[in-house]
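A short write-up of the structure that comes next.
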Amino acid sequence: MCAREFDVDGVLAHLRRRPDVEAPNLHAVDATDRLLLDEAADALAADPAAVVVLGDRYGALTLGAAVSAGATGIRTFQDALTGERALASNARRVGLADRYRSLPLGVELLAGARVVLVQLPRGLAELDEYAQAIAAHADPSVRVYAGGRIKHLSTSMNDVLARSFSHVHATLARQKSRVLVASGPVPEPARFPLREHSAELGLTVVAHGAAFGGAGLDIGTRALVGVLGDTPADARTALDLGCGTGILAAALARLRPELEVIATDQSAGAVASAAETAAANGLADRIRVVRDDAAGSLDDDSVDLVVCNPPFHVGAAVHTGSADKMFRAAGRVLRRGGEMWTVFNTHLAYTRALERAVGPTRTVTRTRKFTVTASVAR
Ligand SMILES: C[S@@+](CC[C@H](N)C(=O)[O-])C[C@H]1O[C@@H](n2cnc3c(N)ncnc32)[C@H](O)[C@@H]1O
């Protein structure tokens with residue numbers, strides 16, 4: 001398919017979310033994407049060769065800028081691997097694959113950038129890391145257009161941007177979205193990654209802005225860490241599925257010196273954090289950290305134990321599709337008789353989904369808030 005056949009609306013209409021979860025109430029393009037492209041239209045047209053996109057969900061901003069302003073050499077960073085893969089397949093579908101490059105968050109991505117489009121992340125720490133990186137590396141004339149759904153915006157986001165930029169203002173809202181415009185970068189010493197020593201865990205936790213739970217200990221994770229000693233002692237290979245900062249992987253590796261531990265997550269910030277957490281605790285040679293989507297890089301029947309604190313959000317939407325995808329992944333990579341240990345909010349009642357995807361499931365612990373289950377692979 002050739003890009004010249006499309007205007008912006010035509011490109012956006014062709015975008016798909018896959019390999020991310022697809023469902024009738026989940027969309028590949030939202031009103032924020034369209035508002036961002038409109039608000040930044042003049043800046044994009046004036047500087048189409050110095051465009052950077054952060055947090056594009058499925059490619060609407062990158063491909064929209066390519067078509068609307070003829071932008072070329074767009075540099076794009078997406079924390080989620082599924083978003084990166086969706087952008088790549090969408091770009092191929094509309095014939096725009098040569099208009100952008102995916103890069104890690106850092107100097108190569110941002111050096112000399114003069115127009116930066118941002119889909120605002122939900123977490124302030126992630127926004128803070130983005131803002132700091134832009135201020136450190138972009139051109140001093142850079143203008144940042146950061147948009148989000150009004151229900152997810154808070155004045156704290158303005159405050160975070162104001163730490164790295166001297167001017168921040170909000171545009172008028174449209175279709176329940178709004179854009180914050182920042183300029184005048186103020187470079188500062190790097191605040192990320194965060195590092196915290198947890199006396200409770202006896203571990204140092206390292207966290208980039210996007211990593212779930214920051215450098216602290218999530219209470220669900222705590223419930224699972226507390227029973228790791230009861231997991232099968234004869235396991236030889238373990239997978240921390242959706243590892244975040246890698247607390248479960250590090251706790252397991254330390255508990256079981258014979259165990260080969262793999263930690264995977266689709267978030268770039270998470271895998272960077274997990275690798276740094278492993279290194280900070282002298283476990284770098286014990287834990288193999290891989291960025292992939294639902295353990296897609298692991299062979300079938302290759303793991304004896306999976307530990308997982310599954311996601312229950314798909315972007316901003318609460319949707320069980322993400323957790324189901326993780327359970328199916330565990331069912332695939334576990335050897336017959338291997339076990340998946342999962343923690344979830346008790347009200348979510350995931351047991352039937354685990355039975356379907358993995359196998360017979362028993363409750364290990366249950367409180368009003370959290371349930372830990374063990375499922376035996378068929
Ligand atoms: C609730 S957090 C748990 C993080 C960490 N294990 C902990 O307990 O602190 C769920 C994690 O799953 C990851 N995740 C979500 N969807 C994923 C997917 N399709 N493949 C791999 N990881 C995924 C998220 O990035 C997030 O880090």
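Start at 1 and go down the list; that is how both ligands and their atoms are numbered. Everything quoted here is computed from the prediction, not taken from an experiment.
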Inset, instruction - Could you tell me whether the side chains of Thr82 and Gln266 share a donor-acceptor contact shorter than 3.5 Å? - result: yes

Inset, instruction - Tell me, yes or no, whether the heavy-atom count around Arg195 atom CZ, taken from other residues, nucleotides or ligands under 6.0 Å, exceeds 12. - result: no

Legend entry - atom 20 (N) of ligand 1 - nearest protein heavy atom and its distance: Ala294 N, 2.7 Å

Inset, instruction - May I ask you to list the atoms of ligand 1 that are less than 4.0 angstrom from any heavy atom of Pro310? - result: 1 (C)

Inset, instruction - May I ask you to list the atoms of ligand 1 that are less than 4.0 angstrom from any heavy atom of Gly244? - result: 4 (C), 5 (C), 27 (O)

Inset, instruction - Please confirm whether Asp265 comes within less than 3.5 Å of ligand 1 when only nitrogen or oxygen atoms on both sides are compared. - result: yes

Inset, instruction - Distance to 0.1 Å, residue and atom name: give those for the protein heavy atom nearest to atom 23 (C) of ligand 1. - result: Met326 CE, 3.5 Å

Inset, instruction - Could you grab the distance from atom CG of Asp293 to atom OG of Ser267, nearest 0.5 Å is fine? - result: 12.0 Å

Inset, instruction - Before signing off on this row, confirm whether Phe212 and ligand 1 have an N or O atom pair separated by under 3.5 Å. - result: no

Inset, instruction - Give me the one residue out of Val94, Leu12, Val11 that meets side chain to side chain contact (heavy atoms under 4.5 Å, CB included) with Val67. - result: Val11

Inset, instruction - For the pair Asp265 and Arg291, find out whether any cationic side-chain nitrogen is under 4.0 Å from an anionic carboxylate oxygen. - result: no

Legend entry - Nearest non-hydrogen protein atom, atom 15 (C) of ligand 1: Pro311 CG, 3.4 Å

Inset, instruction - Looking only at protein heavy atoms, identify the closest one to atom 6 (N) of ligand 1 and say how far it is in Å. - result: Gly242 O, 2.8 Å

Inset, instruction - Answer yes when Glu339 and Arg362 have at least one side-chain N-carboxylate O distance shorter than 4.0 Å, and no when they do not. - result: yes

Inset, instruction - Among all protein heavy atoms, pick the one closest to atom 17 (C) of ligand 1 and tell me residue, atom and distance. - result: Gln266 CG, 3.6 Å

Legend entry - atom 8 (O) of ligand 1 [closest protein heavy-atom partner, distance rounded to 0.1 Å]: Thr221 OG1, 2.8 Å

Legend entry - For ligand 1, the portion of Asn309 having any non-hydrogen atom under 4.0 Å away: both

Inset, instruction - Please work out whether any backbone atom (N, CA, C, O) or any side-chain heavy atom from C-beta onward of Cys243 is under 4.0 Å from ligand 1, and answer side chain, backbone, both or neither. - result: backbone

Inset, instruction - Check whether any N or O atom of Asp293, backbone or side chain, sits under 3.5 Å from an N or O atom of ligand 1, and answer yes or no. - result: yes

Inset, instruction - Would you mind telling me if ligand 1 is within reach of the side chain of Asp292, the backbone, both or neither, using heavy atoms under 4.0 Å? - result: backbone

Legend entry - Carboxylate-amine/guanidinium contact Asp304 Arg236, below 4.0 Å: no

Legend entry - Residue of the set Arg332, Met340, Arg356 for which side chain to side chain contact (heavy atoms under 4.5 Å, CB included) holds with Phe327: Met340

Inset, instruction - Specify side chain, backbone, both or neither for Ala329, according to which of its non-hydrogen atoms lie closer than 4.0 Å to ligand 1. - result: neither

Legend entry - N/O separation below 3.5 Å, Ser267 to ligand 1: no

Inset, instruction - Under the side-chain contact (heavy atoms from CB on, under 4.5 Å) rule, what do Thr373 and Trp341 come out as? Steps first, then yes or no, please. - result: CA-CA 6 Å; Thr373 53; Trp341 286 54; over 6 Å; no

Inset, instruction - Kindly indicate whether the side chain of Leu180, heavy atoms from C-beta on, has any atom under 4.5 Å from the side chain of His169. - result: no

